[in-house]
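This report refers to the structure that appears directly beneath it.
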Amino acid sequence: MRLPFPLIRRPRCLPLTRPHNRRRTLLTLAIETSCDDTSVAILEKQKAKSTLHFHDKVTSDNRAFQGVHPLIALESHQKSLALLVNRALRSLPEREAGSATWGNAVQIRGAKGEADTLREKPDFITVTRGPGMQSNLMTGLDMAKGLAVAWQVPVLGVNHMQAHALTPRLVSSLNASSESAESHPRFPFLSLLVSGGNTMLVHSSDIVSHSILAEKTDIPVGNVLDKCARDILPKALLENGKSVMYGPMLEAFAFPNGAKDYDYTPPETQRGLNTMKTTQFGWAIRPPLSEDKSSSMEFSYSGLGAIIRRIVESNPEMSDPERRLLAQETMRVAFEHLASRVLLALGTPEMKDISTLVVSGGVASNQFLKYMLRSLLDKRGFKGVEVVFPPMSLCTDNAAMIAWTGMEMWEAGWRSGLEVRSLKKWAIDPEAGDGGIMGAEGWIRADDTQL
Ligand code: AMP
């Protein structure tokens with residue numbers, strides 16, 4: 001595969017002493033620790049078809065802090081990561097009798113009374129290198145380097161946001177009916193990344209080129225939904241919450257009967273997305289950037305949080321039906337703001353070859369968002385644009401998407417040096433000041449690898 005950027009030449013370290021992939025398949029163990037999820041995956045890829053042999057995660061309990069506390073998350077990584085890796089190893093594919101040699105197998109200790117087994121050794125270790133919380137990333141990166149050194153295989157440190165963008169290609173590979181199926185979506189495609197940390201619209205033209213068309217200027221959409229949920233939801237519901245992810249609780253409260261409760265008519269025009277609607281209770285929510293910045297390619301959510309707080313504070317005895325309408329309106333306004341920037345982008349001549357919009361990140365699991373986006377695109381002349389929502393387990397932070405990104409980078413010929421460090425900030429746009437994904441130091445071409 002030819003890459004669309006100049007090859008970065010690194011000094012040659014140790015020559016390759018053996019081919020890394022004698023089998024027809026590629027096998028990686030992947031680790032994600034960028035925020036509050038400790039996740040490990042084992043992914044095998046045979047041409048276009050992939051199999052997830054193991055995928056699990058542990059999320060730290062941050063309920064006492066109403067948000068992710070970096071130290072609590074770090075402690076959780078330190079407690080959980082080695083245990084998860086240890087469990088994952090038992091899911092490595094078993095070696096056929098007689099095919100094992102010490103070089104390409106791992107001996108896994110059997111449980112009490114059971115014999116040890118020989119299993120396939122991963123071809124490489126993939127790990128999230130950034131962006132994220134520095135110490136948390138380091139926990140994963142150090143474990144990855146340790147495994148790589150012990151097993152004498154390369155390590156690949158990948159970008160967490162790149163992984164979110166490539167997730168739909170993982171899904172298509174997991175669902176592929178044959179080894180010769182083509183990865184979907186094909187480049188170029190648009191991605192709306194909507195999570196607790198990010199809100200961005202990205203144009204992906206190859207695995208490492210992801211141009212940011214619109215980005216948050218203040219707080220992320222997931223974050224504002226969590227904040228609004230804390231104001232809107234009845235106290236009893238909040239107290240029974242099992243995590244600080246209030247977004248799913250807000251959706252469940254707003255639409256107790258799911259799609260049957262949706263009452264949404266998509267506006268015919270862009271202007272229609274930017275108008276205030278007064279409700280039966282007398283309040284109205286002003287859409288973000290509704291006046292002078294109505295066509296500016298940015299996302300802004302801090303105002304929405306402040307408006308909702310004001311409405312709730314002005315009526316502390318608010319009834320549940322009024323709270324329910326407030327929850328529905330909050331989501332409509334928040335999601336129309338997302339949709340308005342997608343529609344602006346799709347309307348430009350540069351995007352005429354876009355046939356797929358991927359929506360990923362935790363907020364993408366919202367079914368009302370799914371419904372609204374489809375109906376808005378249909379109404380505004382984009383029936384031909386397919387909207388792809390990766391399954392929920394792959395929408396939030398997870399190691400399977402990291403494993404897949406490792407596969408794509410590996411096949412493109414890239415490895416990481418053992419000296420690489422975690423990156424708190426790391427853009428995915430090649431035009432960004434840090435040079436984007438390939439701007440980070442430490443990339444090595446396959447034939448220059450240290451291991
Ligand atoms: P992530 O940062 O990708 O792990 O996503 C977490 C964010 O997604 C949190 O802010 C959640 O509240 C939000 N989220 C998850 N599920 C939903 C949902 N069904 N509706 C709205 N927001 C959600």
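In listed order, ligands and their atoms are each counted from 1. No experiment lies behind these values; they were computed from the predicted model shown.
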Exercise. Are Thr28 and Thr126 close enough that a side-chain donor and a side-chain acceptor fall under 3.5 Å?
Worked result: yes
Quick one: does [X]'s side chain get under 4.5 Å of [Y]'s, heavy atoms only?
| X | Y | value |
| --- | --- | --- |
| Gln328 | Phe368 | no |
| Leu369 | Leu338 | yes |
| Met409 | Ile207 | yes |

Exercise. Where do Lys379 and Glu268 land on the side-chain contact (heavy atoms from CB on, under 4.5 Å) test, with the steps shown first?
Worked result: CA-CA 7 Å; Lys379 181 62 93 41; Glu268 305 264 356; 4.0 Å; yes
Problem set entry | Pairs satisfying salt bridge (Lys or Arg N to Asp or Glu O under 4.0 Å), at least one member in residues 69-82, at least two apart | none
Are any protein N/O atoms closer than 3.5 Å to the N/O atoms of ligand 1? If there are, list each pair with names and the distance to one decimal place.
residue, atom, partner, partner atom, Å
ligand 1, 2 (O), Gly196, N, 2.8
ligand 1, 3 (O), Gly362, N, 2.9
ligand 1, 5 (O), Gly362, N, 3.4
ligand 1, 8 (O), Val363, N, 3.4
ligand 1, 10 (O), Gly222, O, 3.2
ligand 1, 10 (O), Asp226, OD2, 2.7
ligand 1, 12 (O), Asp226, OD1, 2.5
ligand 1, 12 (O), Gly247, N, 3.1
ligand 1, 16 (N), Gly362, O, 3.3
ligand 1, 16 (N), Ser365, OG, 3.1
ligand 1, 19 (N), Glu251, OE1, 2.8
ligand 1, 20 (N), Asn366, ND2, 2.9

